Amino acid sequence: MRCLVTGATGFLGQHLCRRLLQEEAVEVRATGRKQSLGFTDQRLAYVACDLEQVDHCANALFDGVDTVFYLAG
């Protein structure tokens with residue numbers, strides 16, 4: 001399963017990413033405004049992106065995603 005977590009640099013987003021990565025069959029795409037999330041797991045792909053200007057990264061974010069967790073404030 002592939003998940004997208006928006007707001008991944010926030011408190012809830014970081015904890016959700018950690019929890020999702022505990023599951024063996026889950027890949028996580030994460031997005032936030034900061035340049036880095038600081039995770040080292042190869043199953044996590046982070047894209048620095050402001051959702052107000054999502055046009056330039058929408059395809060990369062949503063392609064092949066099964067579930068979206070919208071935690072952006």
Side-chain angles (χ1 to χ4, degrees):
M1 180 169 82
R2 184 174 294 149
C3 300
L4 170 64
V5 178
T6 67
T9 57
F11 180 80
L12 289 175
Q14 286 185 20
H15 285 276
L16 178 59
C17 287
R18 281 191 187 96
R19 176 61 185 97
L20 289 170
L21 291 170
Q22 289 177 356
E23 300 297 325
E24 199 170 294
V26 175
E27 293 179 26
V28 179
R29 283 193 193 150
T31 185
R33 290 187 207 165
K34 296 181 183 175
Q35 290 301 316
S36 172
L37 186 57
F39 284 52
T40 58
D41 194 305
Q42 297 297 319
R43 294 175 299 134
L44 185 132
Y46 180 74
V47 177
C49 179
D50 186 340
L51 292 180
E52 289 182 10
Q53 300 173 3
V54 74
D55 292 341
H56 72 279
C57 59
N59 290 340
L61 289 176
F62 294 104
D63 187 40
V65 169
D66 300 304
T67 303
V68 176
F69 295 94
Y70 183 80
L71 302 176

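The figures here come from the full heavy-atom set of this structure, side chains too, leaving out hydrogens, waters and symmetry mates. Treat the numbers as computed from the prediction; the structure is a model and nothing was measured.
Considering only heavy atoms from C-beta on, V28 stays 4.5 Å or farther from R43 through its side chain. Using a 4.5 Å cut-off on side-chain heavy atoms (C-beta onward), Y46 and K34 make contact. Between F69 and L12 there is no side-chain heavy-atom pair separated by less than 4.5 Å. The side-chain heavy atoms of V47 and L61, taken from C-beta on, include a pair separated by under 4.5 Å. Side-chain contact between F62 and R29: absent, with no pair of heavy atoms (C-beta onward) separated by less than 4.5 Å.
Both L20 and F11 belong to a single network of hydrophobic side chains, linked directly or stepwise wherever heavy atoms of I, L, V, M, F, W or Y lie under 4.5 Å apart.
Atom CG of L71 sits about 11.5 Å away from atom CD of Q14, to the nearest 0.5 Å. Rounded to the nearest 0.5 Å, atoms CD (E23) and SG (C3) are 10.0 Å apart. Between the CG atom of L4 and the OG1 atom of T67 there is a distance of 10.0 Å, given to the nearest 0.5 Å.
The minimum heavy-atom distance linking T9 with S36 is given by the pair CG2-O, 4.2 Å. Taking each heavy atom of A30 and L37 in turn, the nearest pair found is CB-CD2, 4.1 Å.
Salt-bridge check for E27 with R2: passed, with a basic side-chain N closer than 4.0 Å to an acidic carboxylate O.
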What do the steps show when you test L44 against L21 for side-chain contact (heavy atoms from CB on, under 4.5 Å), and what is the final call? CA-CA 8 Å; L44 185 132; L21 291 170; 3.9 Å; yes
